Number of protein chains: 2
Amino acid sequence: MPRPEKRAAIAKAALAVFLREGYARASVDVIAAEAGVSKRTVYNHYGDKENLFLSVIAETDEGMAEAFTAMLDRTLGEVTDVEAALLAFGREFATAVARSPERSAVMRLLIAEITHFPALREQWGGVGRTQRALADRLADLASRGLLAIDDPVEAAAHFGVLATSMVNNLSLYGAVPVSDERVDELVTGGVRLFLRAHRP
Amino acid sequence: MPRPEKRAAIAKAALAVFLREGYARASVDVIAAEAGVSKRTVYNHYGDKENLFLSVIAETDEGMAEAFTAMLDRTLGEVTDVEAALLAFGREFATAVARSPERSAVMRLLIAEITHFPALREQWGGVGRTQRALADRLADLASRGLLAIDDPVEAAAHFGVLATSMVNNLSLYGAVPVSDERVDELVTGGVRLFLRAHRP
DNA sequence: GGTAAACTACACCGTGTAGTGCAAATCGGC
DNA sequence: GCCGATTTGCACTACACGGTGTAGTTTACC
(Lines give C-alpha, C1' and ligand atoms only; values in the text may rest on other atoms or scores of the structure.)
Protein backbone atom coordinates (compact mmCIF):
# COMPACT_ATOMS: atom_id res chain seq x y z
CA MET A 1 0.00 0.00 0.00
CA PRO A 2 1.94 2.99 -1.17
CA ARG A 3 1.45 6.38 0.37
CA PRO A 4 -0.88 8.46 -1.85
CA GLU A 5 0.61 11.80 -0.81
CA LYS A 6 4.02 10.64 -1.99
CA ARG A 7 2.48 9.47 -5.22
CA ALA A 8 0.84 12.83 -5.74
CA ALA A 9 4.08 14.68 -5.04
CA ILE A 10 5.88 12.46 -7.54
CA ALA A 11 3.21 13.02 -10.17
CA LYS A 12 3.35 16.77 -9.75
CA ALA A 13 7.12 16.94 -9.93
CA ALA A 14 7.23 14.49 -12.83
CA LEU A 15 4.78 16.56 -14.83
CA ALA A 16 6.78 19.71 -14.20
CA VAL A 17 10.06 18.11 -15.22
CA PHE A 18 8.67 16.34 -18.28
CA LEU A 19 7.03 19.53 -19.49
CA ARG A 20 10.20 21.49 -18.92
CA GLU A 21 12.73 19.03 -20.31
CA GLY A 22 10.88 16.60 -22.54
CA TYR A 23 10.89 12.86 -22.02
CA ALA A 24 14.42 11.98 -23.00
CA ARG A 25 16.12 14.81 -21.14
CA ALA A 26 14.07 14.39 -17.99
CA SER A 27 15.94 12.37 -15.40
CA VAL A 28 14.29 10.31 -12.72
CA ASP A 29 16.81 11.57 -10.18
CA VAL A 30 15.73 15.14 -10.81
CA ILE A 31 12.06 14.20 -10.57
CA ALA A 32 12.67 12.45 -7.27
CA ALA A 33 14.61 15.40 -5.90
CA GLU A 34 11.96 17.88 -6.99
CA ALA A 35 9.26 15.73 -5.43
CA GLY A 36 11.21 15.59 -2.16
CA VAL A 37 11.26 11.82 -2.39
CA SER A 38 13.90 9.16 -2.78
CA LYS A 39 14.47 7.73 -6.19
CA ARG A 40 13.60 4.29 -4.89
CA THR A 41 10.13 5.49 -3.95
CA VAL A 42 9.55 6.74 -7.47
CA TYR A 43 10.31 3.29 -8.79
CA ASN A 44 8.21 1.62 -6.11
CA HIS A 45 5.22 3.70 -7.15
CA TYR A 46 5.53 3.78 -10.90
CA GLY A 47 7.72 0.89 -11.93
CA ASP A 48 9.72 2.64 -14.61
CA LYS A 49 10.17 5.96 -16.33
CA GLU A 50 7.90 5.20 -19.26
CA ASN A 51 4.99 4.20 -17.06
CA LEU A 52 5.51 7.27 -14.91
CA PHE A 53 5.40 9.43 -18.01
CA LEU A 54 2.29 7.85 -19.48
CA SER A 55 0.43 7.90 -16.17
CA VAL A 56 1.17 11.53 -15.54
CA ILE A 57 0.17 12.59 -19.03
CA ALA A 58 -3.05 10.61 -18.85
CA GLU A 59 -4.10 12.30 -15.61
CA THR A 60 -3.26 15.73 -16.97
CA ASP A 61 -5.21 15.23 -20.17
CA GLU A 62 -8.22 14.19 -18.18
CA GLY A 63 -8.03 17.32 -16.06
CA MET A 64 -7.70 19.51 -19.12
CA ALA A 65 -10.74 17.99 -20.79
CA GLU A 66 -12.81 18.60 -17.66
CA ALA A 67 -11.63 22.18 -17.41
CA PHE A 68 -12.60 22.70 -21.02
CA THR A 69 -16.19 21.51 -20.66
CA ALA A 70 -16.54 23.55 -17.47
CA MET A 71 -15.42 26.63 -19.36
CA LEU A 72 -17.81 25.76 -22.15
CA ASP A 73 -20.72 25.73 -19.73
CA ARG A 74 -19.63 28.97 -18.13
CA THR A 75 -19.28 31.03 -21.30
CA LEU A 76 -21.90 29.44 -23.55
CA GLY A 77 -24.45 28.42 -20.95
CA GLU A 78 -27.01 31.13 -21.48
CA VAL A 79 -26.52 33.12 -24.62
CA THR A 80 -28.45 36.16 -25.78
CA ASP A 81 -25.78 38.08 -27.68
CA VAL A 82 -24.10 35.52 -29.94
CA GLU A 83 -21.20 37.71 -30.96
CA ALA A 84 -20.36 38.68 -27.40
CA ALA A 85 -20.70 35.12 -26.16
CA LEU A 86 -18.56 33.58 -28.89
CA LEU A 87 -15.95 36.29 -28.50
CA ALA A 88 -15.83 35.68 -24.78
CA PHE A 89 -15.56 31.96 -25.31
CA GLY A 90 -12.92 32.32 -27.98
CA ARG A 91 -10.90 34.64 -25.80
CA GLU A 92 -11.04 32.37 -22.83
CA PHE A 93 -10.28 29.37 -24.99
CA ALA A 94 -7.29 30.95 -26.61
CA THR A 95 -6.10 32.38 -23.35
CA ALA A 96 -6.30 28.99 -21.73
CA VAL A 97 -4.30 27.63 -24.61
CA ALA A 98 -1.83 30.42 -25.10
CA ARG A 99 -1.43 31.79 -21.63
CA SER A 100 -1.42 28.66 -19.54
CA PRO A 101 2.16 27.47 -19.70
CA GLU A 102 1.10 24.05 -18.57
CA ARG A 103 -1.55 23.56 -21.23
CA SER A 104 0.61 24.59 -24.11
CA ALA A 105 3.54 22.64 -22.77
CA VAL A 106 1.38 19.54 -22.68
CA MET A 107 0.55 20.07 -26.32
CA ARG A 108 4.19 20.50 -27.20
CA LEU A 109 5.12 17.40 -25.27
CA LEU A 110 2.35 15.40 -26.91
CA ILE A 111 3.47 16.48 -30.36
CA ALA A 112 7.07 15.75 -29.52
CA GLU A 113 6.57 12.30 -28.05
CA ILE A 114 3.61 10.80 -29.85
CA THR A 115 5.76 9.02 -32.39
CA HIS A 116 7.74 7.41 -29.59
CA PHE A 117 4.74 6.38 -27.47
CA PRO A 118 1.81 5.10 -29.50
CA ALA A 119 -0.20 4.89 -26.27
CA LEU A 120 -0.43 8.69 -26.36
CA ARG A 121 -2.70 8.48 -29.37
CA GLU A 122 -5.59 7.46 -27.20
CA GLN A 123 -5.14 10.52 -25.04
CA TRP A 124 -5.27 12.69 -28.08
CA GLY A 125 -8.43 11.04 -29.33
CA GLY A 126 -10.09 12.36 -26.19
CA VAL A 127 -9.95 15.84 -27.65
CA GLY A 128 -12.62 14.76 -30.10
CA ARG A 129 -15.05 14.62 -27.21
CA THR A 130 -14.46 18.23 -26.27
CA GLN A 131 -15.03 19.25 -29.85
CA ARG A 132 -18.34 17.40 -29.88
CA ALA A 133 -19.37 19.28 -26.74
CA LEU A 134 -18.73 22.54 -28.56
CA ALA A 135 -20.63 21.23 -31.57
CA ASP A 136 -23.67 20.59 -29.36
CA ARG A 137 -23.58 24.16 -28.11
CA LEU A 138 -23.34 25.54 -31.60
CA ALA A 139 -26.20 23.33 -32.79
CA ASP A 140 -28.26 24.71 -29.95
CA LEU A 141 -27.52 28.28 -30.99
CA ALA A 142 -28.40 27.36 -34.57
CA SER A 143 -31.73 25.81 -33.60
CA ARG A 144 -32.60 29.05 -31.83
CA GLY A 145 -31.95 30.95 -35.01
CA LEU A 146 -28.88 32.74 -33.71
CA LEU A 147 -26.49 31.14 -36.16
CA ALA A 148 -26.72 29.55 -39.58
CA ILE A 149 -25.01 26.19 -39.34
CA ASP A 150 -25.32 23.16 -41.57
CA ASP A 151 -22.84 20.80 -39.96
CA PRO A 152 -22.27 21.58 -36.26
CA VAL A 153 -19.29 19.26 -35.95
CA GLU A 154 -17.54 20.91 -38.84
CA ALA A 155 -18.45 24.33 -37.48
CA ALA A 156 -16.98 23.42 -34.11
CA ALA A 157 -13.75 22.41 -35.78
CA HIS A 158 -13.70 25.66 -37.72
CA PHE A 159 -14.37 27.69 -34.65
CA GLY A 160 -11.70 25.94 -32.63
CA VAL A 161 -9.17 26.47 -35.36
CA LEU A 162 -10.05 30.12 -35.93
CA ALA A 163 -9.94 30.85 -32.21
CA THR A 164 -6.70 29.09 -31.34
CA SER A 165 -4.56 28.01 -34.26
CA MET A 166 -3.27 31.41 -35.25
CA VAL A 167 -2.05 31.97 -31.72
CA ASN A 168 -0.57 28.49 -31.60
CA ASN A 169 1.16 28.98 -34.92
CA LEU A 170 2.59 32.29 -33.91
CA SER A 171 3.73 31.19 -30.49
CA LEU A 172 4.53 27.59 -31.42
CA TYR A 173 2.24 26.42 -28.66
CA GLY A 174 3.38 28.91 -26.12
CA ALA A 175 7.09 28.51 -26.65
CA VAL A 176 7.58 31.95 -28.19
CA PRO A 177 6.14 34.90 -26.26
CA VAL A 178 3.23 36.75 -27.81
CA SER A 179 1.72 39.86 -26.30
CA ASP A 180 -1.75 39.82 -24.79
CA GLU A 181 -2.91 42.39 -27.29
CA ARG A 182 -1.73 40.31 -30.21
CA VAL A 183 -3.52 37.25 -28.83
CA ASP A 184 -6.69 39.25 -28.48
CA GLU A 185 -6.44 40.59 -32.01
CA LEU A 186 -5.92 37.16 -33.47
CA VAL A 187 -8.78 35.61 -31.56
CA THR A 188 -11.16 38.46 -32.28
CA GLY A 189 -10.33 38.37 -35.96
CA GLY A 190 -10.88 34.64 -36.13
CA VAL A 191 -14.20 34.70 -34.30
CA ARG A 192 -15.39 37.59 -36.45
CA LEU A 193 -14.65 35.56 -39.55
CA PHE A 194 -16.62 32.67 -38.11
CA LEU A 195 -19.55 34.94 -37.36
CA ARG A 196 -19.47 36.53 -40.79
CA ALA A 197 -19.71 33.12 -42.41
CA HIS A 198 -22.48 31.86 -40.11
CA ARG A 199 -24.73 34.84 -39.67
CA PRO A 200 -28.33 33.75 -40.12
CA MET B 1 38.86 22.06 -46.85
CA PRO B 2 36.29 19.45 -46.08
CA ARG B 3 34.77 17.28 -48.77
CA PRO B 4 31.37 18.68 -49.72
CA GLU B 5 29.89 15.29 -50.69
CA LYS B 6 30.68 13.97 -47.23
CA ARG B 7 29.11 17.03 -45.70
CA ALA B 8 25.98 16.52 -47.76
CA ALA B 9 25.77 12.86 -46.79
CA ILE B 10 26.11 13.81 -43.13
CA ALA B 11 23.44 16.49 -43.43
CA LYS B 12 21.03 14.12 -45.09
CA ALA B 13 21.53 11.37 -42.55
CA ALA B 14 21.44 13.81 -39.66
CA LEU B 15 18.13 15.24 -40.80
CA ALA B 16 16.65 11.77 -41.13
CA VAL B 17 17.82 10.70 -37.69
CA PHE B 18 16.82 13.94 -35.94
CA LEU B 19 13.37 13.81 -37.50
CA ARG B 20 12.95 10.18 -36.56
CA GLU B 21 14.36 10.29 -33.04
CA GLY B 22 14.28 13.88 -31.88
CA TYR B 23 17.37 15.75 -30.73
CA ALA B 24 18.07 14.08 -27.41
CA ARG B 25 17.57 10.52 -28.61
CA ALA B 26 19.53 10.99 -31.82
CA SER B 27 23.08 9.74 -31.46
CA VAL B 28 26.01 11.02 -33.45
CA ASP B 29 27.26 7.47 -33.89
CA VAL B 30 24.04 6.50 -35.62
CA ILE B 31 24.14 9.58 -37.82
CA ALA B 32 27.70 8.80 -38.83
CA ALA B 33 26.84 5.19 -39.59
CA GLU B 34 23.79 6.16 -41.61
CA ALA B 35 25.83 8.70 -43.55
CA GLY B 36 28.47 6.06 -44.29
CA VAL B 37 31.08 8.23 -42.65
CA SER B 38 33.30 7.98 -39.61
CA LYS B 39 32.21 9.74 -36.47
CA ARG B 40 35.37 11.80 -36.55
CA THR B 41 34.40 13.24 -39.92
CA VAL B 42 31.08 14.36 -38.52
CA TYR B 43 32.89 16.30 -35.83
CA ASN B 44 35.42 17.68 -38.28
CA HIS B 45 32.60 19.10 -40.39
CA TYR B 46 30.15 20.30 -37.80
CA GLY B 47 32.02 20.74 -34.54
CA ASP B 48 29.43 19.39 -32.22
CA LYS B 49 25.98 17.87 -32.12
CA GLU B 50 24.15 21.11 -31.42
CA ASN B 51 25.72 22.89 -34.36
CA LEU B 52 24.99 19.93 -36.62
CA PHE B 53 21.38 20.05 -35.54
CA LEU B 54 20.94 23.78 -36.03
CA SER B 55 22.70 23.78 -39.40
CA VAL B 56 20.60 20.96 -40.74
CA ILE B 57 17.34 22.49 -39.56
CA ALA B 58 18.27 25.86 -41.01
CA GLU B 59 18.94 24.39 -44.44
CA THR B 60 15.72 22.41 -44.38
CA ASP B 61 13.62 25.38 -43.41
CA GLU B 62 15.06 27.36 -46.25
CA GLY B 63 14.19 24.63 -48.71
CA MET B 64 10.66 24.42 -47.40
CA ALA B 65 10.08 28.14 -47.69
CA GLU B 66 11.25 28.07 -51.31
CA ALA B 67 9.02 25.12 -52.12
CA PHE B 68 6.12 27.01 -50.63
CA THR B 69 6.49 30.13 -52.71
CA ALA B 70 7.00 28.00 -55.82
CA MET B 71 3.74 26.24 -55.10
CA LEU B 72 2.08 29.57 -54.49
CA ASP B 73 3.11 30.76 -57.95
CA ARG B 74 1.98 27.55 -59.56
CA THR B 75 -1.52 27.41 -58.09
CA LEU B 76 -2.34 31.10 -57.72
CA GLY B 77 -0.42 32.48 -60.66
CA GLU B 78 -3.24 33.10 -63.08
CA VAL B 79 -6.65 32.89 -61.50
CA THR B 80 -10.02 33.06 -63.22
CA ASP B 81 -12.13 30.79 -61.02
CA VAL B 82 -11.38 31.87 -57.44
CA GLU B 83 -13.07 28.95 -55.77
CA ALA B 84 -11.29 26.39 -57.90
CA ALA B 85 -7.96 28.11 -57.50
CA LEU B 86 -8.18 28.48 -53.75
CA LEU B 87 -9.38 24.92 -53.36
CA ALA B 88 -6.48 23.70 -55.45
CA PHE B 89 -4.06 25.76 -53.45
CA GLY B 90 -5.54 24.68 -50.14
CA ARG B 91 -5.42 21.05 -51.15
CA GLU B 92 -1.84 21.23 -52.25
CA PHE B 93 -0.89 23.20 -49.20
CA ALA B 94 -2.51 20.78 -46.81
CA THR B 95 -1.21 17.79 -48.72
CA ALA B 96 2.29 19.17 -48.55
CA VAL B 97 1.83 19.59 -44.84
CA ALA B 98 -0.06 16.42 -44.04
CA ARG B 99 1.31 14.01 -46.58
CA SER B 100 4.95 14.89 -46.65
CA PRO B 101 6.45 12.99 -43.73
CA GLU B 102 9.47 15.23 -43.78
CA ARG B 103 7.57 18.48 -43.64
CA SER B 104 5.38 17.52 -40.75
CA ALA B 105 8.26 15.92 -38.93
CA VAL B 106 10.15 19.19 -39.17
CA MET B 107 7.22 20.96 -37.58
CA ARG B 108 7.07 18.43 -34.80
CA LEU B 109 10.76 18.70 -34.22
CA LEU B 110 10.59 22.49 -34.18
CA ILE B 111 7.78 22.45 -31.64
CA ALA B 112 9.60 19.89 -29.54
CA GLU B 113 12.96 21.62 -29.45
CA ILE B 114 12.28 25.31 -29.63
CA THR B 115 12.35 25.74 -25.87
CA HIS B 116 15.77 24.10 -25.76
CA PHE B 117 17.29 26.01 -28.68
CA PRO B 118 16.33 29.68 -28.78
CA ALA B 119 18.17 29.95 -32.10
CA LEU B 120 15.30 28.05 -33.70
CA ARG B 121 13.03 31.02 -33.15
CA GLU B 122 14.61 32.82 -36.05
CA GLN B 123 13.89 29.92 -38.36
CA TRP B 124 10.28 30.01 -37.32
CA GLY B 125 10.05 33.72 -37.94
CA GLY B 126 10.80 32.96 -41.57
CA VAL B 127 7.34 31.48 -41.92
CA GLY B 128 5.99 35.01 -41.62
CA ARG B 129 7.48 35.74 -45.02
CA THR B 130 5.58 32.92 -46.67
CA GLN B 131 2.39 34.23 -45.14
CA ARG B 132 3.05 37.65 -46.54
CA ALA B 133 3.51 36.13 -49.99
CA LEU B 134 0.08 34.58 -49.69
CA ALA B 135 -1.31 37.89 -48.46
CA ASP B 136 -0.01 39.57 -51.60
CA ARG B 137 -1.79 37.05 -53.78
CA LEU B 138 -5.01 37.50 -51.90
CA ALA B 139 -4.74 41.28 -52.11
CA ASP B 140 -4.32 40.92 -55.85
CA LEU B 141 -7.47 38.82 -56.12
CA ALA B 142 -9.30 41.37 -54.01
CA SER B 143 -8.20 44.29 -56.19
CA ARG B 144 -9.59 42.42 -59.19
CA GLY B 145 -12.95 42.16 -57.45
CA LEU B 146 -12.80 38.40 -57.02
CA LEU B 147 -12.72 38.50 -53.23
CA ALA B 148 -13.84 40.93 -50.52
CA ILE B 149 -10.88 41.43 -48.23
CA ASP B 150 -10.15 44.23 -45.79
CA ASP B 151 -6.88 43.08 -44.30
CA PRO B 152 -4.95 40.77 -46.63
CA VAL B 153 -2.45 39.75 -43.96
CA GLU B 154 -5.19 38.69 -41.61
CA ALA B 155 -6.99 36.94 -44.45
CA ALA B 156 -3.84 35.02 -45.31
CA ALA B 157 -3.54 33.88 -41.72
CA HIS B 158 -7.17 32.81 -41.73
CA PHE B 159 -6.77 30.95 -44.96
CA GLY B 160 -3.66 29.16 -43.83
CA VAL B 161 -5.31 28.11 -40.62
CA LEU B 162 -8.52 26.96 -42.27
CA ALA B 163 -6.63 24.99 -44.89
CA THR B 164 -4.12 23.26 -42.65
CA SER B 165 -4.80 23.45 -38.94
CA MET B 166 -7.66 21.01 -38.81
CA VAL B 167 -5.54 18.41 -40.52
CA ASN B 168 -2.62 19.20 -38.27
CA ASN B 169 -4.78 18.99 -35.18
CA LEU B 170 -6.27 15.69 -36.20
CA SER B 171 -3.00 14.12 -37.21
CA LEU B 172 -0.81 15.87 -34.67
CA TYR B 173 1.38 17.12 -37.47
CA GLY B 174 1.46 13.90 -39.37
CA ALA B 175 2.15 11.62 -36.44
CA VAL B 176 -1.28 9.97 -36.51
CA PRO B 177 -2.46 8.63 -39.86
CA VAL B 178 -5.42 10.34 -41.49
CA SER B 179 -7.01 9.12 -44.70
CA ASP B 180 -6.68 11.08 -47.92
CA GLU B 181 -10.44 11.50 -48.09
CA ARG B 182 -10.58 12.97 -44.60
CA VAL B 183 -7.80 15.40 -45.45
CA ASP B 184 -9.66 16.47 -48.53
CA GLU B 185 -12.91 16.94 -46.62
CA LEU B 186 -11.24 19.05 -43.97
CA VAL B 187 -9.44 21.25 -46.46
CA THR B 188 -12.47 21.69 -48.67
CA GLY B 189 -14.65 22.61 -45.73
CA GLY B 190 -12.14 25.12 -44.48
CA VAL B 191 -11.64 26.80 -47.84
CA ARG B 192 -15.40 26.93 -48.38
CA LEU B 193 -15.79 28.75 -45.10
CA PHE B 194 -13.13 31.20 -46.16
CA LEU B 195 -14.89 31.80 -49.46
CA ARG B 196 -18.28 32.23 -47.81
CA ALA B 197 -16.88 34.92 -45.56
CA HIS B 198 -15.02 36.73 -48.33
CA ARG B 199 -17.34 36.58 -51.26
CA PRO B 200 -17.59 40.00 -52.90
C1' DG C 1 53.50 8.90 -59.00
C1' DG C 2 54.13 11.91 -55.25
C1' DT C 3 52.26 15.03 -51.72
C1' DA C 4 49.20 17.25 -48.72
C1' DA C 5 44.77 17.24 -47.03
C1' DA C 6 40.77 14.69 -45.77
C1' DC C 7 39.01 10.63 -44.07
C1' DT C 8 38.84 6.15 -41.39
C1' DA C 9 39.18 2.96 -37.62
C1' DC C 10 39.54 2.46 -33.05
C1' DA C 11 40.68 3.06 -28.58
C1' DC C 12 39.66 5.95 -24.93
C1' DC C 13 37.78 9.37 -21.26
C1' DG C 14 34.29 11.35 -18.57
C1' DT C 15 29.75 11.72 -17.56
C1' DG C 16 24.96 11.01 -17.06
C1' DT C 17 21.34 7.87 -16.42
C1' DA C 18 17.86 3.87 -15.77
C1' DG C 19 17.21 0.72 -12.61
C1' DT C 20 18.39 -2.58 -8.42
C1' DG C 21 19.62 -4.14 -3.65
C1' DC C 22 19.65 -3.55 1.07
C1' DA C 23 20.07 -2.10 5.79
C1' DA C 24 18.46 1.47 8.57
C1' DA C 25 15.15 5.07 9.61
C1' DT C 26 10.41 6.55 9.61
C1' DC C 27 5.60 6.45 9.84
C1' DG C 28 0.64 5.04 10.31
C1' DG C 29 -2.60 2.37 12.80
C1' DC C 30 -3.70 -0.30 16.83
C1' DG D 1 4.54 2.38 22.64
C1' DC D 2 4.59 -1.47 19.32
C1' DC D 3 4.60 -3.59 14.69
C1' DG D 4 4.50 -3.95 9.99
C1' DA D 5 4.68 -1.50 5.91
C1' DT D 6 6.74 2.29 3.60
C1' DT D 7 10.37 5.19 2.73
C1' DT D 8 15.15 6.57 2.72
C1' DG D 9 19.99 6.89 1.62
C1' DC D 10 23.47 5.13 -0.71
C1' DA D 11 26.17 2.24 -3.06
C1' DC D 12 26.43 -0.14 -7.25
C1' DT D 13 25.75 -2.13 -12.08
C1' DA D 14 25.40 -1.66 -16.79
C1' DC D 15 25.29 0.96 -20.53
C1' DA D 16 25.00 4.64 -23.89
C1' DC D 17 26.60 8.79 -25.43
C1' DG D 18 29.41 13.17 -26.61
C1' DG D 19 33.69 14.22 -27.72
C1' DT D 20 38.98 13.61 -28.44
C1' DG D 21 43.56 11.72 -29.96
C1' DT D 22 46.15 9.26 -33.13
C1' DA D 23 48.20 6.37 -36.48
C1' DG D 24 47.39 4.84 -40.76
C1' DT D 25 44.73 4.91 -45.28
C1' DT D 26 42.45 7.03 -49.04
C1' DT D 27 41.64 10.75 -52.17
C1' DA D 28 42.24 14.87 -55.07
C1' DC D 29 45.34 17.28 -57.55
C1' DC D 30 49.79 18.58 -59.79
Side-chain angles (χ1 to χ4, degrees), chain A residues 1-59 105 109 112-120, chain B residues 1-59 105 109 112-120:
Chain A
M1 303 306 111
R3 236 126 249 183
E5 61 205 63
K6 298 284 176 181
R7 193 183 172 92
I10 295 168
K12 186 177 173 186
L15 180 65
V17 176
F18 281 132
L19 292 184
R20 193 203 313 142
E21 310 281 355
Y23 180 84
R25 275 180 260 244
S27 103
V28 179
D29 295 78
V30 170
I31 291 172
E34 229 157 279
V37 146
S38 83
K39 177 159 75 155
R40 208 63 183 73
T41 303
V42 175
Y43 280 99
N44 285 341
H45 277 267
Y46 285 95
D48 61 8
K49 186 183 176 184
E50 177 170 343
N51 184 46
L52 170 61
F53 175 68
L54 293 175
S55 304
V56 162
I57 294 294
E59 288 170 28
L109 189 57
E113 300 297 341
I114 194 160
T115 57
H116 299 288
F117 300 101
L120 289 178
Chain B
M1 303 305 111
R3 235 127 250 182
E5 59 204 66
K6 298 285 176 182
R7 194 184 172 91
I10 295 168
K12 186 177 173 186
L15 180 64
V17 175
F18 281 132
L19 292 184
R20 192 203 312 144
E21 310 280 355
Y23 180 84
R25 275 180 260 245
S27 101
V28 179
D29 295 77
V30 170
I31 292 172
E34 230 157 279
V37 148
S38 83
K39 178 157 74 155
R40 206 64 181 76
T41 302
V42 175
Y43 281 98
N44 284 341
H45 277 269
Y46 284 96
D48 61 8
K49 186 184 175 183
E50 177 170 344
N51 185 46
L52 171 60
F53 175 68
L54 293 175
S55 304
V56 163
I57 294 294
E59 288 169 29
L109 190 57
E113 300 297 342
I114 193 160
T115 57
H116 299 287
F117 300 100
L120 290 178

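Chain letters run A, B, ... following the sequence lines, proteins first, then strands; residues in each count from 1. Computed from a predicted model, the values in this text were never measured in an experiment.
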For the pair made of [atom1] in [X] and [atom2] in [N], what is the distance, rounded to whole Å?
X: B:Asp29; N: C:dC10; atom1: CG; atom2: C1'; value: 12 Å
X: B:Arg7; N: C:dA5; atom1: CZ; atom2: P; value: 20 Å
X: B:Asp48; N: D:dC17; atom1: CG; atom2: P; value: 17 Å
X: B:Tyr43; N: D:dG18; atom1: OH; atom2: P; value: 6 Å
X: B:Glu50; N: D:dC17; atom1: CD; atom2: C1'; value: 16 Å
X: B:Ile31; N: D:dA16; atom1: CD1; atom2: P; value: 17 Å
X: B:Asn51; N: D:dG19; atom1: CG; atom2: C1'; value: 14 Å
X: A:Phe53; N: C:dA18; atom1: CZ; atom2: C1'; value: 16 Å

* **N/O (side chain, B:Ser38) to phosphate O (OP1/OP2, C:dA9) under 4.0 Å** =>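 No, B:Ser38 has no side-chain N/O under 4.0 Å of OP1/OP2 on C:dA9.
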* Under 3.5 Å donor-acceptor pair, B:Arg40 side-chain atoms to D:dG21 base atoms ->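 Answer is yes: a donor-acceptor pair is held.
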* Asked: Given that A:His45 and A:Lys39 both sit by DNA chain D, which one's nearest nucleotide is further toward the 5' end?
  ->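 Comparing both residues, the 5'-ward one is A:His45.
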* **Position toward the 5' end of DNA chain D (nearest nucleotide), A:Pro4 or B:Val30** =>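 Nearest-nucleotide comparison on DNA chain D picks A:Pro4.
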Of the non-hydrogen atoms in [X] and [Y], which two are nearest, and what is the gap between them?
X: A:Ile10; Y: A:Ile31; value: O-CG2, 4.2 Å
X: B:Phe53; Y: B:Leu120; value: CE2-CD1, 4.1 Å
X: B:Ala24; Y: A:Ala24; value: CB-CB, 3.6 Å

What is the nucleic acid contact for [X], judged by heavy atoms within less than 4.0 Å: base, sugar-phosphate only, or nothing?
X: A:Ser27; value: sugar-phosphate
X: A:Lys6; value: sugar-phosphate
X: B:Ala26; value: sugar-phosphate

* Nearest 0.5 Å please: distance from the OG atom of B:Ser55 over to the CZ atom of B:Arg7. =>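 Rounded to the nearest 0.5 Å, the OG-CZ separation comes out at 6.0 Å.
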* To do: Flag this pair as yes if the NZ/CZ of A:Lys49 is under 6.0 angstrom from the six-membered ring centre of A:Phe18 and inside a 45 degree cone about the axis; otherwise no.
  =>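 Here A:Lys49 fails the 6.0 Å and 45° test against A:Phe18.
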* Out of D:dT8, D:dG19, D:dT27, which nucleotide sits closest to the side chain of B:Arg3? ->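 Taking heavy atoms from C-beta onward, the closest nucleotide is D:dT27.
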